[in-house]
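Working notes, beginning with the structure itself.
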Amino acid sequence: MLTADEVRALAAVLESDRVERTVSTDDTDKFRDAICAFANDLADHRQPGYLLIGVANDGRIVGADVTDQLLTSLSSRRDDGQILPLPSMNVAKVDMGGGIAVAVVEVFPSDSPPVRSQGRIRVRVGPRCVSASEADERRLTERRIAQVRTFDERPCNGARIGDLLLDSFKTSYLPQVVAREVLAANRRTDEERLASLRFFDPRRGEPTNAAILLFGADTLAWLPGAYVQFLRYEGSDLTTRVLDDKQLTGNLVTQLAELDNLLPIQIWTARVPAGGLRNESLPDYPIVAIRELAINAMMHRRYEGTNAPVRISWFSDRVEIQSPGGLYGEVTPQNFGRMADYRNPVLAEAMKALGYVEKYGTGVAMSVAALERNGNPAPNFEFQPNFVMATVRGRP
């Protein structure tokens with residue numbers, strides 16, 4: 001992070017497109033737009049951009065009330081789902097001397113532009129933050145395609161745009177991620193709209209794996225393991241009678257809707273004493289815990305190099321949720337549940353936009369808290385190179 005001298009040097013360069021100055025500590029829209037624009041790095045500096053809070057437009061360092069609350073609020077801009085894809089950034093308080101402090105947000109160029117702030121692509125043109133033009137958007141899309149890394153961003157070999165349910169994309173997804181006025185003025189082709197959201201590779205004329213997973217007309221034809229296997233057993237082991245056997249197939253939008261229909265009917269509710277003459281109804285499992293863990297498994301699973309599905313095995317005494325693929329990136333057994341990293345960043349963004357993820361990196365913690373409130377034991381997590389499995393036990 002910057003030193004006081006480095007902050008002074010940046011503050012003095014008034015025409016820089018890598019610096020945003022403000023004296024306000026509560027202009028959240030301006031903060032988001034600045035973070036988004038620096039992440040897009042339209043000029044391709046390949047260097048961080050800086051939001052300086054406590055610096056006037058003329059470069060004077062006037063300071064700000066840099067509280068822990070302000071730093072926490074600034075840090076939350078990364079994970080609140082208003083800036084997508086997630087920006088990479090640091091937040092710090094810099095002591096300028098004489099009792100004056102400045103809050104600094106350091107934002108790194110995104111590997112997956114274009115980045116949107118509340119549905120709008122923001123870029124820097126000199127010292128100003130503006131909405132991207134169609135040409136700007138095209139440049140950012142082409143840059144991303146040249147450095148694609150994750151499986152869900154790569155083109156699905158041999159697929160064509162006709163393999164997608166475009167109506168689903170245009171009516172159910174686009175309005176969730178692109179601002180209404182942008183859509184109204186949008187003259188882009190379907191291919192250009194898909195490409196700007198990482199669902200199409202214009203160089204190869206192919207939808208990406210994320211597009212096939214989310215909007216594919218026949219997803220399993222391209223990715224045979226992309227489904228959820230649900231089994232309910234009468235007893236506590238695999239040798240007992242199977243009471244229910246379902247495969248959730250179709251694209252992910254369909255699977256997620258089917259999951260929301262399937263899980264609630266598996267919950268059993270009992271009347272238990274609540275003190276005095278009162279009884280209360282308690283489920284054997286809180287639905288939010290099972291749902292969050294299942295969605296987590298679907299979002300973070302590995303698709304490449306495996307035809308294994310996500311497996312939900314519901315026994316008489318426990319529920320096991322198994323996701324293909326081990327832990328990814330910066331996540332370890334020690335920080336699991338507190339650290340978030342994304343094997344499938346496009347899918348994660350889409351599931352947030354569609355309302356299946358409340359806030360990034362909180363699903364496991366929400367599940368643990370819901371189980372505790374309901375009187376269930378804490379979940380157990382098993383980490384293997386080829387899978388991660390969550391085991392949830394019923395109330396004693």
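Remark: Asp5 engages Arg8 in a salt bridge, criterion side-chain N to carboxylate O under 4.0 Å. Here Arg46 pairs with Asp44 in a salt bridge; the nearest charged N to carboxylate O distance falls below 4.0 Å. Looking at Arg122 and Asp33, a side-chain N of the basic residue comes within less than 4.0 Å of a carboxylate O on the acidic one, giving a salt bridge. A salt bridge links Lys170 with Asp190: the closest approach of a Lys/Arg side-chain nitrogen to an acidic carboxylate oxygen falls below 4.0 angstrom.
If you chain together hydrophobic residues whose side chains sit under 4.5 Å apart, Leu220 and Leu214 never meet in one group. Linking Ile, Leu, Val, Met, Phe, Trp and Tyr whenever their side-chain heavy atoms come within less than 4.5 Å puts Leu51 and Val91 in one cluster. Under the 4.5 Å side-chain heavy-atom criterion for Ile, Leu, Val, Met, Phe, Trp and Tyr, Val319 and Leu262 are members of the same hydrophobic cluster. A single hydrophobic cluster is not seen to contain both Leu74 and Leu10; linkage of ILVMFWY side chains at heavy-atom distances under 4.5 Å, directly or through other members, places them apart. Following chains of ILVMFWY side-chain contacts shorter than 4.5 Å, one cannot reach Tyr328 starting from Val331, and the two form parts of different hydrophobic clusters.
When all heavy atoms of Ser172 and Leu354 are compared, the closest pair comes out as O-CD2, 4.0 Å. What you find for Glu330 and Asn335 is that their closest heavy atoms are O-ND2, 3.1 Å. Here the closest non-hydrogen pair linking Arg144 and Ser112 is CG-CA, 3.6 Å. The minimum heavy-atom distance between Arg124 and Ser16, with the atom names listed, is NH2-O, 4.1 Å. Of all heavy-atom pairs spanning Leu327 and Arg343, the tightest one is O-NH2, 3.9 Å. Contact record, Thr22 with Ser24: OG1-N, 3.2 Å, taken as the closest heavy-atom pair.
Atom CD of Glu6 sits in a crowded spot, with more than 12 heavy atoms from other residues, nucleotides or ligands closer than 6.0 Å. Open room surrounds CG on Asp68; 12 or fewer heavy atoms of other groups in view lie less than 6.0 Å from it.
A donor atom on one side chain and an acceptor atom on the other are not found under 3.5 Å apart for Gln322 and Glu320. Checked by atom type, the side-chain pair Thr150/Asp152 shows a donor-acceptor distance below 3.5 Å. For Gln82 and Arg77, the side-chain atoms include no donor-acceptor pair closer than 3.5 Å.
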>> I'd like to know whether Arg138 forms a salt bridge (charged side-chain N to carboxylate O under 4.0 Å, His left out) with Asp136, so could you lay out the CA-CA distance, the side-chain angles of the two residues, the decisive distance to 0.1 Å, and finally the verdict.
In response: CA-CA 5 Å; Arg138 193 173 300 112; Asp136 295 336; over 6 Å; no
>> Show, in sequence, the C-alpha distance, side-chain angles and deciding distance for Tyr285 and Asn374, and conclude whether the side-chain contact (heavy atoms from CB on, under 4.5 Å) test is met.
In response: CA-CA 7 Å; Tyr285 301 95; Asn374 197 62; 5.7 Å; no
> Would Arg32 and Asp29 count as a salt bridge (charged side-chain N to carboxylate O under 4.0 Å, His left out) if you check the C-alpha gap in whole Å, the side-chain angles of each, and the deciding distance to 0.1 Å?
Replying inline: CA-CA 5 Å; Arg32 285 195 184 95; Asp29 286 342; 3.8 Å; yes
> Between Arg393 and Asp317, is a side-chain contact (heavy atoms from CB on, under 4.5 Å) present by the stated rule, with each step listed?
Replying inline: CA-CA 6 Å; Arg393 296 195 173 272; Asp317 62 343; 3.5 Å; yes
>> Using the rule given for side-chain contact (heavy atoms from CB on, under 4.5 Å), can you reason through Gln266 versus Ile287, listing the C-alpha separation, both sets of side-chain angles and the distance that settles it, and then say yes or no?
In response: CA-CA 9 Å; Gln266 308 300 325; Ile287 185 63; over 6 Å; no
> Which is it for Arg116 and Leu197 under the side-chain contact (heavy atoms from CB on, under 4.5 Å) test, yes or no, and what are the steps along the way?
Replying inline: CA-CA 10 Å; Arg116 286 175 166 79; Leu197 293 164; 3.3 Å; yes
> Would Arg204 and Asn157 satisfy side-chain hydrogen bond (donor to acceptor under 3.5 Å, both in side chains), going step by step from the backbone distance to the final call?
Replying inline: CA-CA 9 Å; Arg204 295 187 35 181; Asn157 189 29; 3.2 Å; yes
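The backbone N or O of Glu137 sits less than 3.5 Å from a side-chain atom of Thr141, completing a donor-acceptor pair. Side chain of Asn307 to backbone of Ala226: no donor-acceptor contact under 3.5 angstrom is found. Remark: the backbone N or O of Gly250 is not paired with any side-chain donor or acceptor of Thr254 at under 3.5 angstrom. Put simply, the side chain of Asn251 gets close to the backbone of Gly216: a donor and an acceptor are under 3.5 Å apart. A side-chain donor-acceptor contact under 3.5 Å links Thr240 to the backbone of Asp237. Side-chain N or O atoms of Ser196 include one that pairs as donor or acceptor with a backbone N or O of Arg193 at under 3.5 Å. With Glu372 contributing its side chain and Ala369 its backbone, the two residues share no donor-acceptor pair below 3.5 Å. Although no hydrogens or angles enter the test, the distance criterion places a donor-acceptor pair under 3.5 Å between the side chain of Arg21 and the main chain of Ala11. A donor-acceptor contact shorter than 3.5 Å is absent between the side chain of Arg139 and the backbone of Glu142. A donor-acceptor contact shorter than 3.5 Å is absent between the side chain of Asp245 and the backbone of Leu231.
Note: Phe199 and Tyr173 meet the aromatic proximity criterion, with ring centroids under 6.0 Å apart.
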Can you give each donor-acceptor pair under 3.5 Å made by side-chain atoms of residues 290-301, sequence neighbours left out, with the distance rounded to 0.1 Å?
residue	atom	partner	partner atom	Å
Arg291	NE	Asp260	OD1	2.7
Arg291	NH2	Asp260	OD2	3.4
Asn296	OD1	His300	NE2	3.3
Arg301	NH1	Gly225	O	2.7
Arg301	NH1	Ala308	O	3.1
Arg301	NH2	Ala308	O	2.7

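With Ser110 as the fixed residue, the side-chain contact (heavy atoms from CB on, under 4.5 Å) test singles out one of Asp41, Val115, Ile83: Val115. The one candidate from Leu84, Asn40, Leu42, Val123 that meets the side-chain contact (heavy atoms from CB on, under 4.5 Å) condition with Pro114 is Asn40.
Relative to the ring axis of Phe315, Arg318 places its NZ or CZ within 45° and under 6.0 Å from the centre. For the pair Arg160 and Trp222, the cation does not sit on the ring face, since its NZ or CZ is not both under 6.0 Å from the ring centre and inside 45° of the axis.
Separation of atoms CZ (Arg232) and CZ (Phe230) is listed at 6.5 Å; rounding is to 0.5 Å.
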